[in-house]
Amino acid sequence: MNAQQRTKFRSLIGRYGRSNWRAKNDAEKQAAWNTFAQSVQKEIGIAPEQLSEWFQQSRRNAEHREHEQQRNSRRPKKTHDTTD
């Protein structure tokens, strides 16, 4: 994507995020996604399947980071012997 497309994409993501946040049920969330995917395809040329793949990978990465943070917060702190 060129700079202009990235700017437009960020704008569309923001609009989608607000619509998704305001959605009261799954049908409204799905409608927000569909509108977003169609807009991205029309304005930037990214297929909805590719877009979905990107978002799924992003979600998996976020879940992994969250799991690692929870796991690390339960671990006892390591202490190192500093005596010679």
### Query
When rounded to the nearest 0.5 angstrom, what distance separates CH2 in Trp33 from CG in Leu51?
4.0 Å
## Note on the structure
Separation between CD (Glu43) and CD (Gln4), nearest 0.5 Å, reads 11.0 Å
### Summary
Taken to the nearest 0.5 Å, the spacing of Ile46 CD1 from Gln5 CD works out to 7.5 Å
### Query
Between Tyr16 and Phe36, how do the two ring planes meet: parallel, tilted or perpendicular, split at 30° and 60°?
parallel
### Message
Looking at Ser39 and Thr35, would you say the former's side chain and the latter's main chain have a donor-acceptor pair under 3.5 Å?
### Response
yes
### Task
Write down the atom of Ala23, the atom of Lys29, and the distance for their closest heavy-atom approach.
CB-CG, 3.4 Å
### Query
So, the side chain of Ser19 versus the backbone of Arg15: is there a donor-acceptor pair under 3.5 Å, distance only?
yes
### Message
Testing the basics here: between Met1 and Ile44, what is the closest heavy-atom pair and its distance to 0.1 Å?
### Response
SD-CG2, 4.0 Å
### Query
What's the verdict on side chain to side chain donor-acceptor pair (under 3.5 Å) for Gln30 and Asp26, showing C-alpha distance, side-chain angles and the deciding distance?
CA-CA 6 Å; Gln30 186 62 47; Asp26 289 341; over 6 Å; no
